[in-house]
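Report on one structure; see the data block that follows.
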Amino acid sequence: MSQTIKVRPSTGFMTVDLDKQGRQTGYIRIPHSPHEDAWGVTQVPIGIISNGSGPTVILEGGNHGDEYEGPIVISELMRDIDPAMVQGRLILMPSNNVHAALAGQRVSPVDGLNFNRTFPGDPLGTITNQITAFVHDYIFPHGNAFLDLHSGGSSLDIIPSAIIEPTPDPELAKKNIAAVQAFGAPMTVVIANMGDPRTATAAAVRAGMITVGTEMGGGGTVSLDALAVCRQGVRNVLAHLGVLPSEMAVAAQPSTILELPGSKAYVFATMDGVFEPFHANGTTVSVGQPAGRIHCLWDLARPPETVYYNADGLLYGRRQPGRVRPGNCCLVVATVSSLS
Ligand code: CA
């Protein structure tokens, strides 16, 4: 069930007025006092396009700083959407973990934190925790829906897909599935992040928002295919929610719903070396099948070590860098969901 967010005092403030009609761009400013800037602020970019009455949709990119399709699409909307086309309000946030985004890194170089493992944040914590707390306490309560646009990032290459965040609320679950299917990605996947409650989408469903995630390619690149899927998918969802006109949507066939089967989804590196995958993304695989092998770089007498799939399904994601250390995620398998 949705919960009322307890708003904690924050030193952060905004240069935009959430209640003003029309188009505005500005910042969430959070006082930040590092060595080179005693009385400065960390600036998180935010845009508002508001017109008439209707739902408020929050669009997030740059949750991880090395995932680029989402920020591109959100910035395009800021430039391209005439307020007259909107019924309701878009809150556009392309680079939420702004220090990570500017560094092109998954985590913030300032405090080393993964924004997507900090919800609900801490207004008295390090800068990433303060950004999270501001977004959670001062932005989320205004939203009816939340789109969190991820890609695979530097370490993973993932099949472009729209993501369902699980919720125990059956009514919200129905709305989430309908919105995610409206995205029109080639694949729809339920991802529970092994039950982690600290992600943005987990916090968004707790706040009662209709929630849509994505995984768009990855490898730290901008994928032309994934960008096209993301660009149209976001418009499709905004039309589905009634914020943009239906002419901006392209009708999508509902795709089969897959899910990551908990810890069995993952194939982790068992030793230090170079990972050689045996299959391309999209391959059908089965439990116990050899998935790849890890080659030792420092002992010619040591044979490669084979790793195996732990689930029947479809190869959904692969590690991008060849170099691995024990525990690194090499492969991800998705199975058909009971929601299908
Ligand atoms: Ca991500």
Side-chain angles (χ1 to χ4, degrees), residues 44 58-75 93-109 111-119 121 128-129 131-132 135-136 146-166 176 180 183 185-205 211-223 225-227 229-231 233-234 237 258-260 265-266 268 281 316-321 327-334:
V44 180
I58 302 165
L59 293 98
E60 170 174 272
N63 173 322
H64 293 131
D66 58 348
E67 303 178 5
Y68 303 115
E69 286 83 1
I72 289 174
V73 167
I74 291 172
S75 305
M93 308 185 77
S95 302
N96 268 355
N97 198 357
V98 65
H99 295 295
L102 293 179
Q105 291 180 16
R106 177 172 182 79
V107 303
S108 171
D111 57 17
L113 288 182
N114 177 344
F115 182 77
N116 216 30
R117 300 293 184 273
T118 58
F119 277 80
T128 300
N129 268 302
I131 297 169
T132 306
V135 169
H136 181 267
F146 179 63
L147 275 67
D148 192 17
L149 303 175
H150 286 251
S151 304
S154 305
S155 79
L156 287 173
D157 178 24
I158 299 180
I159 297 177
S161 41
I163 308 302
I164 297 170
E165 171 72 35
N176 288 347
V180 171
F183 193 94
M187 198 173 286
T188 296
V189 186
V190 182
I191 299 185
N193 290 293
M194 294 201 268
D196 203 312
R198 300 170 299 169
T199 66
T201 50
V205 295
T211 299
V212 174
T214 67
E215 292 293 350
M216 292 289 143
T221 67
V222 177
S223 152
D225 291 346
L227 184 58
V229 169
C230 190
R231 185 177 278 135
V234 167
V237 173
L258 304 177
E259 67 186 13
L260 300 192
Y266 305 93
F268 299 111
N281 275 349
Y316 174 58
R318 285 193 348 189
R319 182 176 170 83
Q320 182 75 8
N328 283 159
C329 175
C330 296
L331 301 163
V332 187
V333 172

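Throughout, numbering of the chain's residues begins at 1 and tracks the sequence. Keep in mind that what you see is a predicted model, and the values were worked out from it rather than measured. All ligand and atom numbering here is 1-based and tracks the order in the structure.
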If I consider every N, O or S atom in H150, which one ends up closest to the Ca ion (ligand 1)? I only need its name.
ND1
Among the N/O/S atoms of H64, the Ca ion (ligand 1) lies closest to ND1
So, E215 and the Ca ion (ligand 1): N/O/S under 3.0 Å, yes or no?
no
Assess whether a salt bridge exists between E69 and R231, defined as any Lys/Arg side-chain N lying under 4.0 Å from an Asp/Glu carboxylate O.
no
Looking at every non-hydrogen atom in both residues, tell me the closest pair between G70 and L149 and how far apart they are.
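Taking G70 first and L149 second, the nearest heavy atoms are CA-CB, 3.6 Å.
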With rounding to the nearest 0.5 angstrom, report the CG to OG1 distance, D196 to T201.
10.0 Å
So F115 and F119, would you call those rings parallel, tilted or perpendicular, with 30° and 60° as cut-offs?
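Rings of F115 and F119: perpendicular, over 60°.
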